[in-house]
Amino acid sequence: MPDDIGSTVPRRQLGRLLRQFRNEAGVTLDAAAEALEYSRQKIWRLECGQGSVRVLDVKAMCELYGVSPEMTEAMRGLAVETKSKGWWHAYGDAVPNWFELYVGLESAAARLREYGETLVPGLLQTRSYALGLFQPGSRLSPEEREQAVEVRLQRQALLRRRLPKPPRLDAVLSEAALRRVVGSHGVMSDQLKHLLEVSEQPNVSVQVVPLAAGPHPGAVAGSFVILDFPTTNGGRSAPEPSVVYSESLTGALYLDKPDELMAYEDTWRGLAALALGAAESRDMIKRITGEMRHD
């Protein structure tokens with residue numbers, strides 16, 4: 001598995017299997033915690049793919065759930081893979097625990113469908129724009145802000161990587177995100193020009209939902225990303241299930257239940273229908289750039 005993907009996918013795969021076998025065995029979280037002398041939180045975190053997993057823990061849980069020796073061995077192998085490190089671990093606290101999972105998923109995705117309601121998405125930001133997002137009263141020191149921006153810029157490298165194949169990024173932005181001044185008019189002008197440049201990459205598309213479209217589901221949902229994953233083993237294995245990522249000030253939601261995915265898929269289709277075409281979107285970005293220069 002490539003270094004930039006790290007342990008994220010095997011953690012999710014193992015977590016789903018642990019939850020599946022626990023449910024099939026009719027064992028509740030509380031009962032499993034009591035039998036294994038673990039905290040309920042520990043089992044929940046393992047099933048959600050949040051953290052590396054000890055082989056001994058997998059063995060104990062498989063014994064409790066009556067998992068076959070062959071499947072137990074396969075899950076032990078996944079546990080070993082959960083200890084590999086992605087590039088983002090080198091940045092320490094600059095990548096919060098709740099965001100670490102997303103960075104790994106982003107690196108492993110085959111396609112990213114991102115809606116930006118209020119801001120330009122991180123994968124499309126310039127350094128100056130990213131720095132401008134930190135207010136003067138920010139709790140972060142200048143060094144911490146710089147490190148946080150470096151992480152954001154490092155993430156952007158996945159759009160240009162050679163191996164594995166870079167993901168497809170389909171970005172839909174609200175016109176409001178393009179008009180909201182971050183830093184200064186000069187910073188915004190450079191940011192908008194950067195959007196035009198990045199959108200010329202064959203694996204990137206940028207479309208704009210004009211304010212004239214009025215209220216729409218995206219305005220209610222807020223910014224979000226739908227991550228779709230590639231098939232493995234030359235297409236012989238089913239892809240990792242898609243996941244929706246929605247961020248807040250202090251944490252994030254990772255949504256992967258069928259009804260949750262369906263709701264966001266419907267919202268994405270609605271946004272795509274309202275968005276201007278690629279050429280019209282470029283024209284709008286150019287027009288707003290011109291306005292920025294004259295303000």
Side-chain angles (χ1 to χ4, degrees), residues 1-20 44-53 78-79 81-116 119 121-125 148 151-161 163-172 203-204 221-233 237-248 250-258 260-265 267-268:
M1 182 169 295
D3 289 341
D4 65 340
I5 293 177
S7 63
T8 307
V9 170
R11 286 200 325 249
R12 288 188 81 215
Q13 292 172 333
L14 181 56
R16 275 200 316 280
L17 288 171
L18 289 172
R19 181 168 61 247
Q20 173 189 324
W44 180 84
R45 283 179 57 82
L46 294 181
E47 291 185 356
C48 290
Q50 298 182 9
S52 62
V53 188
L78 283 173
E81 290 189 46
T82 67
K83 300 186 186 304
S84 62
K85 299 289 187 181
W87 63 262
W88 51 93
H89 288 275
Y91 287 87
D93 293 340
V95 183
N97 290 336
W98 52 264
F99 190 58
E100 182 183 313
L101 176 58
Y102 176 76
V103 179
L105 292 173
E106 182 181 69
S107 295
R111 185 187 182 197
L112 303 161
R113 289 175 282 168
E114 183 156 8
Y115 173 62
L119 299 170
L123 288 179
L124 300 174
Q125 292 175 6
V151 170
R152 192 162 302 178
L153 297 178
Q154 179 67 28
R155 284 171 49 212
Q156 296 176 4
L158 69 86
L159 295 176
R160 303 182 302 275
R161 72 189 180 196
L163 291 173
K165 182 181 178 181
R168 169 80 191 175
L169 171 62
D170 293 316
V172 173
N203 59 320
V204 177
S223 300
F224 64 89
V225 189
I226 303 175
L227 302 98
D228 303 306
F229 300 93
T231 56
T232 55
N233 299 326
S237 300
E240 181 76 2
S242 297
V243 62
V244 174
Y245 173 81
S246 178
E247 188 176 310
S248 67
T250 57
L253 292 175
Y254 294 88
L255 309 172
D256 58 6
K257 295 179 181 177
E260 295 169 335
L261 288 171
M262 187 178 301
Y264 278 88
E265 288 279 5
T267 298
W268 178 261

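Just so you know, these numbers come straight off a predicted model, no measurement behind them.
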Contact summary for Q125 and Q156, nearest pair of heavy atoms:
O-NE2, 2.8 Å
About how many Å separate CZ of R160 and CG of N203, when rounded to the nearest 0.5 Å?
10.0 Å
Distance in Å, D170 CG paired with I226 CD1, rounded so as to fall on 0.5 Å steps
10.5 Å
Checking side chain to side chain contact (heavy atoms under 4.5 Å, CB included) for the pair L124/L169: CA distance, chi angles, key distance, verdict?
CA-CA 10 Å; L124 300 174; L169 171 62; 3.8 Å; yes
What closest approach, in Å, do P230 and A109 show between heavy atoms, and which atom pair accounts for it?
CD-C, 4.2 Å
Distance (rounded to the nearest 0.5 Å) between L227 CG and D256 CG:
11.0 Å
For F224 and Y245, I'd like to know if the aromatic rings sit close, meaning centre-to-centre distance below 6.0 Å.
no
For S223 and S246, work out which heavy atoms get closest and say how close.
O-OG, 3.9 Å
Report yes if the side chains of E106 and E114 come closer than 4.5 Å at any heavy-atom pair, otherwise no.
no
State, yes or no, whether a side-chain contact exists between E260 and V244 at a heavy-atom distance under 4.5 Å.
no
Rounded to the nearest 0.5 Å, how far does CG of L46 lie from CZ of R11?
10.5 Å
Between Y264 and A221, which heavy-atom pair has the shortest distance, and what is it?
CE2-CB, 4.3 Å
Heavy-atom closest pair (R12 atom, S242 atom, distance to 0.1 Å) is NH2-O, 4.4 Å
If you look at every heavy atom in P166 and R161, which pair is closest and at what distance?
CD-O, 3.3 Å
In this structure, CD of Q154 is separated from OG of S107 (nearest 0.5 Å) by 9.0 Å
For the CG atom of L112 and the CG atom of L105, what is their distance to the nearest 0.5 Å?
10.0 Å
Q13 side-chain N/O to G49 backbone N/O, donor-acceptor pair under 3.5 Å:
no
Close side-chain approach of V225 to Y102, heavy-atom, < 4.5 Å:
yes
